[in-house]
Each structure stands twice: as C-alpha cells, then as structure tokens.
2 protein chains.
Amino acid sequence: MSKRITIKQLAATLGVSAATVSRALNDSFEISQPLKEKIKAYAKRVGYNPDRIAVNLRRGKTKTVGVIVPSISYNFNSRAIEGIEKIMIPMGYKVLIFQTMEGYQREKEAVEYLISINIDAVIASISAETNKYDHFDQIRQNEIPLVLIDRTSKYVEASEVVINNELSSYLAVKHLIETGRRKIAWITGPKGLPLSQLRQRGYERALEQFNIPFDPRLICNCTFNTDMGFEATKNLISKNPDIDAIYALNDRIAIGAIGAIHSLNRKIPEDIAVVGFNNEPFDPLISPSLSSVYMPSIKMGEEAARLVLSHLKEKKFLPQKRIFDTNLIVRASSQM
Amino acid sequence: MSKRITIKQLAATLGVSAATVSRALNDSFEISQPLKEKIKAYAKRVGYNPDRIAVNLRRGKTKTVGVIVPSISYNFNSRAIEGIEKIMIPMGYKVLIFQTMEGYQREKEAVEYLISINIDAVIASISAETNKYDHFDQIRQNEIPLVLIDRTSKYVEASEVVINNELSSYLAVKHLIETGRRKIAWITGPKGLPLSQLRQRGYERALEQFNIPFDPRLICNCTFNTDMGFEATKNLISKNPDIDAIYALNDRIAIGAIGAIHSLNRKIPEDIAVVGFNNEPFDPLISPSLSSVYMPSIKMGEEAARLVLSHLKEKKFLPQKRIFDTNLIVRASSQM
DNA sequence: TTGAAAGCGGTACCAG
DNA sequence: CTGGTACCGCTTTCAA
C-alpha cells in the first residue's frame, strides 16, 4: 500500500534477477520477448515507478534542463518557457523552472542546485540585481551547456538568444520623432543591465540622426515595476514640463507612466506620447492602448531549446548567438 | 577544471576519510573544531558542491516540494507560487514548478516525475482537462502530503486551500442585480470543474433570492481564454439581445466579452455590465476598467506552504481545508 | 538469454 | 574524535 516498490521486490516476486527486470523495463534487446512482456505487465500492474534519483545517480545524467528567470510573472518569461517546453518535452526532457525575483542570491542558489542535481543544460535570463557571474562560470566548468536568453552579460561565456536591442530601440524612438516629438524622456532600468545600455544607445542614435540634442535630464533609471514608473514619470515631468514623449524600458514602467501623466491632467498622446517594450497582452486593452515593441518570446524560447539540443550533441561547447527581430506595434498612446 | 569534485577526492587530498569530510561538511558535533574548519575551508576553496542526487538517494528525502499548476502565466498561479516560495525557501526547501497547460497528460507526468524523485510534498491546482485522478492517489499512496490549491476535486483526498466560490459568486451577481440588471449571462468553464459548479450555484442563488427566473440559455460553457470569451459573448448576445450583464468565470473571458460587446456597438456599462473573476493586474487599466473578484493569491500560496510544513511534521496525514474570503472590486464596467 | 556483482557519490552505523 | 564499511536503488559490465 504505502512505501515505494523497488526493482528488487519485483525481481523477487517474479523469480528473476534485478538485472533482468531492469533490462526488460528498459527494452533491452537481450531479453526474450515473452519474459519482457510479462515483466512489463507486472510492473504496470503494481504501479512500479523507478526511482529516478537512483537512475540518475547511476547513469550520471538526468535528461533534465533547468530554466532560471527573473520572474515567471513577466509575460516574456512565461512565453519563453512555453517555447522551451514545446521543444524539450517531446524530446523526453524534463524542464525545471526557477524564478529569482530579480535577486542575485536566489539566482546563485538556483544555479548551484541545478549543478548539484547534475542537470544536462541550463537556460537562464540574468537577474537585474546580478553583478557577479562566478555562478555562471561554474556551470561551464562542469561542462554543462549554458544558453542565456534576453538578459545576457559579456562576462558570461554562453550561447545567447536575444533581440536586436539597439535597433529596436532606435526604431521606437524614430517613430516618436517622426510623429513630431522632440523632448523624449527615456525611463530605463538599472544602469548595469546590458539591455538598458543597448537600448539607450538606440535612443541616442535616433536623437542624433534627427539632430535632437541629447539631454541627460530626460533619462531616469528605475526598477521594473509600475509604481516606479509612476514616480519616475512624475518626477521627470515636474522637472521638465516640456516633455512630449516617454519611452520606457518595459510596459510595466509604461503603465506607471500613463497613470502619472493622467494624474497630472495631461493628455495621451496629444500632450505626451508613450511607447513601451515587450508588448504585454494587456497593451491593447488599456486606455489609451499602449504602443510597444513586440518580442517573439515563444520563438526565442524554442530557439534556446534548439541550441541546448545541439550543444548536447556536440563534444565541445561552441557558444552561438541568435538575434531576433522585433516589431514596433503602434497603438493609440503614440499616434493621434 | 572540468568534472565534478567528489568527497573522496577531498578526503584523499586532505589525508582523511570520506566519512570525516562528510561529517565536517554537515557540521557534525563529533568532529574537532580545527579539522572541521580546515575541511570546510578547503571545500569552499575548490568549490565543492555535493552531489544532491547521491545525498537524496542515501537520505531518502529531498527537502523539495513540487508545485503543479495549469499555467504559470495566470496571475493567480504566479502569485500563489510567490507565496509558497516565501514560506518554503527560508525553511530550506527547494520549490520545483511545473505547468500542465491545462492538460491531463502533462499533469500526470509531472506527478509521476515528482514521485520518482522522492519529493517531500506536492502542491497542485488541477487542470481543466483532468477527469481521472489516479495520479493524485499515487501521491497519497507514497505517503506524500498533497495540498490542492484553488482547483480541487472531491475525488482527491488532500488538504485544500480555496476561496468561498459560491459566496463570492453570489455577491458578484447580487451586485449586478442591485445595480438594476435582470438578464445576466454567465460564461463559465468546462462543466466538470468544481469551481464552475460552485460559482454557478452562487449565481443561481442570487437570482433566486431576487425572484429572477433562471434561464439556461444565458449560460455558456467555454475555455479559459480571451478568444473564447469573445465568441461566447457574440453568440449569447445574438441569441439573447436583451442581455444586460455578463458575469464571467475569469478576467480573460471577461476581456473577450468586453471586446465582443464593443464590436457590437453596445456600451459598457450602460447597455451591458461586465464582471470578471481573479482581479488580474490589468483590470484597472483596461477600458472600461473591469470589475472583478479579488482572490488573496499570495496569502493562499503561503497557507498551502504552511499546511505542507505541518503535514511534514505529523506522522499521519490529516487533510485540512482552508477557505479564504474574496473581495468584489467594483470598477467602471459594472457601475454607472 | 540471464544472473552476480561492482559501483554511481554520498551518509551513517559500528568500531576503536 | 576518526576510519571502515554497508547501503540507498538502479544500471551495466562480465561470466555463464
């Protein structure tokens, strides 16, 4: 009734050896068909479920990949995970999901745990808080393939699946400029984040191209949530009342910006246009509907998984880089 | 450089036995302080990370709980997981997250995997598709505590953390009636889902109390997404043009309903009021802002984790039930 | 085609 | 306080 059935017990009741049972259950060609059938049938009947811990220990591999993301509540991450699972599960892999809540400590612990359970590969998106990368180096030192997705670091040797951040950002800002905006604020994330830096470069390049002077007072570093977006926007507008557009690192920040603009009785997009990033599912629903940069999140997850599979085949780890294009989705918040 | 360091290698280089290293690393009281220090220091220096698979196999337990949810992209689930982690991680547990995409097969596989890795406890929210429950019985047969959260089944013996579905639903419909609605459509999920049935009972009870005849043509079973909500609503309204309110099982469906109502050029809430369920973060942002039933998702996750901890302490599994109150958040979609 | 036995990497009991 | 050793449950040579 209770405790787990072992292969030995099966062997005993069937009057064969544990080795034979193991072989039968693993479809070894060296077991006679009738015996194999009999063993399998019996195993099924008693609900035998092999102890994967023992199997993994013995075999030295786990048919498991770990996924580490800042938060599963971000649309990009849950979609990317969907893509990863779509590829890995049919190939017989288990996908273990960990979220770090943007924290370094939890990221480090997740990595160490995954190494300690002999994970086959790791797909990760780096936390905002992370500024040391030794834990990722450990993955590579254990000869475990590592694929970074969306949030990467030049300090980590890994395959990368990213979007063209600079170009995406350039196009978003270009759109704002071409619709008549000149005082475009940029609300971004923590300074260290490569993604922030790349997108800022795109922002600067667009300004430059249209001969709009770069004004550091229009730039604000904040964290990834709506409340911070709200505060940052209030602040920016109070100090620079002539701002006519806000470009935000992501849609959560943009939502906060919209709230702040409304609370200051300014009109969107007439007075101030808003463009976000990530194309969250709620973007078309909010008022005004939010312009945003679409990322092919599921496809990116799938590609990360494919890279994992190819790394798993190769003897030597050869990091690869995949860059995806984005799409600016223009909605009411930036278009009159 | 590469392959993992074992306890034997440590023992060899340090000139002690593997047993001693193990004891030192586990802070056993029977090792002299200086030796312990020395071993620990060396282990840290070479980055020794014990093979948790071997540890788990030997110890027979894993300090790990599994969480199985229909989809991590549902706000309720990601919040509940947040709550679970808030309690379990500080207690030294790992939390393994699995999503089933509402599928029976994936749910079953997740359960079997968790059993096969000797999980300490399971917290699960049942898939919409699931109508066989033998996999959950297996959990109990292996003497693993099981806590169901939000989506439960009377066929599964487990602790439960739920909301008062019938009452919540009753109050939502009562609100619609009290604001003058009489033809209230109810768009719900798959028929089998207990949650659907309970909420329908609340719906019926409210109608009854106000002497509004129950009309089965105003009820529509659909799946959990926006597209289905859209179709269902179009259908309902075309067949019953005098509908003056739509009450939906969840906010995704409600969003679809809003889209459909707009596409038919009806006004919300003047012509048709809408109330959803789950209070998704985008509810206040959409246009019109969506009335919805708030569920204390993080608190429910925390409570599920606390139940797990108490079950882990007790010798015998005594299923418990925790019922949480909800809050109807009235917004523009149901209030003139 | 099957069985015996070694061993994956740790832990814990038993000696000393 | 430390070492030797059996063993967790399974897989996989090696021998028969």
Side-chain angles (χ1 to χ4, degrees), chain A residues 2-40 42-43 46-64 112-120 142-143, chain B residues 2-40 42-43 46-64 112-113 115-120 142:
Chain A
S2 62
K3 288 283 80 178
R4 142 176 288 130
I5 301 157
T6 72
I7 213 166
K8 277 181 198 164
Q9 294 171 28
L10 285 189
T13 24
L14 285 168
V16 294
S17 76
T20 302
V21 176
S22 170
R23 277 187 279 239
L25 263 22
N26 288 302
D27 251 329
S28 163
F29 61 94
E30 26 179 29
I31 298 285
S32 69
Q33 204 53 34
L35 183 54
K36 197 188 278 185
E37 302 282 314
K38 182 182 159 195
I39 292 176
K40 280 188 168 178
Y42 184 71
V46 299
Y48 171 70
N49 189 359
D51 184 330
R52 214 155 283 280
I53 291 187
V55 174
N56 290 344
L57 177 60
R58 179 61 235 235
R59 289 221 239 251
K61 54 201 189 58
T62 53
K63 272 275 191 178
T64 301
E112 281 167 358
Y113 178 72
L114 290 173
I115 293 176
S116 78
I117 62 167
N118 224 324
I119 202 89
D120 287 357
N142 285 76
E143 295 178 347
Chain B
S2 61
K3 289 282 79 179
R4 141 175 288 126
I5 301 155
T6 73
I7 211 167
K8 279 180 195 162
Q9 294 171 30
L10 285 189
T13 23
L14 285 167
V16 293
S17 75
T20 302
V21 175
S22 171
R23 277 188 281 239
L25 262 26
N26 287 301
D27 251 331
S28 163
F29 61 94
E30 26 178 31
I31 298 286
S32 69
Q33 203 55 34
L35 182 55
K36 197 188 278 185
E37 302 282 313
K38 183 182 159 196
I39 293 176
K40 280 187 168 180
Y42 183 71
V46 297
Y48 171 70
N49 189 359
D51 184 329
R52 214 156 284 279
I53 292 188
V55 175
N56 289 344
L57 177 61
R58 178 63 236 228
R59 289 220 238 251
K61 54 200 188 59
T62 52
K63 272 275 190 179
T64 300
E112 281 167 359
Y113 178 71
I115 293 175
S116 78
I117 62 166
N118 224 324
I119 201 90
D120 287 355
N142 283 77

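Computed from a prediction, not measured in an experiment: that's the story for all the values here.
For the ring pair (Phe, Tyr, Trp, His ring centres under 6.0 Å) test, no residue two or more places apart in sequence or in another chain qualifies with A/Tyr48.
Residue A/Asn142 holds its CG atom at 5.0 Å from CD1 of A/Ile115, rounded to the nearest 0.5 Å. To the nearest 0.5 Å, atom CD1 of residue B/Ile7 and atom CD of residue B/Gln9 are 11.0 Å apart. With rounding to the nearest 0.5 Å, the separation of CG in A/Asn56 from CZ in A/Arg58 is 12.5 Å.
Summarising the geometry, the separation between NZ on B/Lys8 and C1' on C/dT11 is reported as 12 Å, rounded to the nearest angstrom. The distance from atom CG of B/Asn26 to atom P of C/dC13 is 13 Å, rounded to the nearest whole Å. A/Gln33 places its CD atom 13 Å from the C1' atom of C/dT1, with the value rounded to the nearest Å. Whole-Å rounding puts the A/Phe29 CZ to C/dT2 C1' distance at 13 Å.
When DNA chain D is scanned in the 5' to 3' direction for atoms under 4.0 Å from non-hydrogen atoms of chain B, the outermost contacting nucleotides are D/dC1 to D/dG9.
When all heavy atoms are compared, the tightest approach of A/Ala24 to A/Ile31 is N-CG1, 4.0 Å. Annotation for B/Pro50 and A/Ser116: closest pair O-CB, 3.4 Å, computed over non-hydrogen atoms. The two residues B/Asp120 and B/Lys61 have their closest heavy-atom pair at OD1-CB, 3.7 Å. Between A/Ala43 and A/Leu10, the shortest heavy-atom contact is CB-CD1, 4.1 Å. A pairwise comparison of heavy atoms in A/Ala11 and A/Ser17 identifies CB-C, 3.6 Å as the closest pair.
Judged purely by atom type and a 3.5 angstrom limit, A/Asn118 has no side-chain atom pairing as donor or acceptor with the backbone of A/Thr62. With A/Lys36 contributing its side chain and A/Ser28 its backbone, the two residues share a donor-acceptor pair below 3.5 Å. Using a distance-only test at 3.5 Å, with no hydrogens or angles considered, no donor-acceptor pair links the side chain of B/Ser22 to the main chain of B/Ala18.
Side-chain contact between B/Lys8 and B/Val21 is absent, with no heavy atoms from C-beta onward closer than 4.5 Å. At a threshold of 4.5 Å between non-hydrogen side-chain atoms, the residues A/Ile39 and A/Leu25 count as touching. Side-chain contact between A/Ile117 and B/Ile53 is present, with at least one heavy-atom pair separated by less than 4.5 Å.
Rounded to 10 degrees, the angle between the two end axes of the helix from C/dT1-D/dA16 to C/dG16-D/dC1 is 50°, with five pairs used at each end.
Along DNA chain D, the nucleotide nearest A/Asn49 and the nucleotide nearest B/Val21 are compared for position; the residue whose nucleotide lies closer to the 5' end is B/Val21.
Between B/Tyr48 and the phosphate of C/dG9, there is no side-chain N or O to OP1/OP2 separation shorter than 4.0 Å.
Listed by residue number, the members of residues 54-63 of chain B with any heavy atom below 4.0 angstrom from DNA chain D are B/Leu57, B/Arg58. Of all the residues in residues 13-20 of chain A, A/Ala19 reach under 4.0 Å from DNA chain D with at least one non-hydrogen atom.
B/Ser32 comes within 4.0 angstrom of the backbone, heavy atoms only, and of no base. Note on A/Leu35: only backbone sugar-phosphate atoms sit closer than 4.0 angstrom, heavy atoms only; bases stay farther off.
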Mind listing the N/O atom pairs, protein and nucleotides 14-16 of chain C, below 3.5 Å?
none

